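Since the structure is predicted, the reported quantities are computational estimates derived from the model, not experimental observations. Order of the sequence lines sets the chain letters (A, B, ...), proteins ahead of strands, with each chain counted from 1.
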Amino acid sequence: ILNVEQSPQSLHVQEGDSTNFTCSFPSSNFYALHWYRWETAKSPEALFVMTLNGDEKKKGRISATLNTKEGYSYLYIKGSQPEDSATYLCRGPSNDYKLSFGAGTTVTVRA
Amino acid sequence: GAVVSQHPSWVICKSGTSVKIECRSLDFQATTMFWYRQFPKQSLMLMATSNEGSKATYEQGVEKDKFLINHASLTLSTLTVTSAHPEDSSFYICSARDDLGTGGNNEQFFGPGTRLTVL
């Protein structure tokens, strides 16, 4: 993988269901991976900064894991709520302000 | 947390006119700010790095005479799209790095973005 890639591009989730999606990145020269939550008309909000292989971070119903050896990070949403509807961006993985963004996964939670 | 504002949030202009977008760090100083552009269903692409008191650093393929950047103070960077054309229509978003931030890991704080439509 040469760039940061996110999949799927979009997904629809029924309220109360759990979901997860992926950020893939080049596994060489890893420094940090950032996850952001971006609601329409608002600023992207930092969720997590992942730095260590095997890292697992949690914020409320949202959690993320990191595998630097194979170059991926998962973001999980447990018991999705309508307010979780947003685009989730990942950014990384090198120590460079020009960190690459993935194209995002847009999550729509249906009531 | 740190707040970055952008103004305007959306703008519609005629082809050939120039449009200025402001990016402000509201509660912190930012020697370095970044300007991104997003095309539909694509990633945020870094256009340029704005440095207070010096010239901006443009990414490959970004015309510096087309996208003028001025970072006149520690809290304000402006992006001017000169002689705008319909192909410049896009979503522009800025970010800022807190000079005194201790979070490390190249943490940046983002503005809400500006939607530019050129008719």
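Atom NZ of A:Lys78 is surrounded by 12 or fewer heavy atoms from other residues, nucleotides or ligands within 6.0 Å.
Here the OG atom belonging to B:Ser43 is positioned 8.0 Å from the CG atom belonging to A:Leu89, to the nearest 0.5 angstrom.
Both B:Val19 and B:Tyr58 are members of a single hydrophobic cluster when ILVMFWY side chains are connected at heavy-atom separations under 4.5 Å. When the side chains of ILVMFWY residues are joined at heavy-atom separations under 4.5 Å, either directly or via intervening members, A:Tyr72 and A:Phe48 end up in two distinct hydrophobic clusters. Put simply, B:Leu44 and B:Phe34 are part of the same group of oily side chains (I, L, V, M, F, W, Y) that touch within less than 4.5 Å, one to the next. The hydrophobic cluster containing A:Val4 also contains A:Leu47, counting ILVMFWY residues as joined when their side-chain heavy atoms lie under 4.5 angstrom apart, directly or transitively. A:Ile62 and A:Val109 fall within the same hydrophobic cluster, where Ile, Leu, Val, Met, Phe, Trp and Tyr residues are linked whenever their side-chain heavy atoms come under 4.5 Å apart, directly or through other members.
The salt bridge (Lys or Arg N to Asp or Glu O under 4.0 Å) contacts involving residues 72-82 of chain B comprise nothing, where partners must be two or more places apart or lie in separate chains.
A:Ser43 has its side chain out of reach of B:Ile93: every pair of non-hydrogen atoms, C-beta onward, lies at least 4.5 Å apart.
For an aromatic pair to be called close, the ring centres must be under 6.0 Å apart, and B:Phe110 with A:Phe101 satisfies this.
Below 30°, between 30° and 60°, or above 60°: for A:Trp38 and B:Phe91 the angle between ring planes is between 30° and 60°, a tilted geometry.
Using a 4.5 Å cut-off between heavy atoms, B:Gln38 contacts chain A through its side chain alone, with no backbone atom that close.
Taking non-hydrogen atoms and a 4.5 Å limit, the residue list of residues 60-75 of chain B in contact with chain A is empty.
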- Item | A:His34 vs B:Gln108, side chain to side chain contact (heavy atoms under 4.5 Å, CB included): CA-CA, chis, key distance, verdict | CA-CA 10 Å; A:His34 302 246; B:Gln108 296 178 23; over 6 Å; no
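The minimum heavy-atom distance between A:Ala41 and B:Pro112, with the atom names listed, is O-CB, 4.0 Å.
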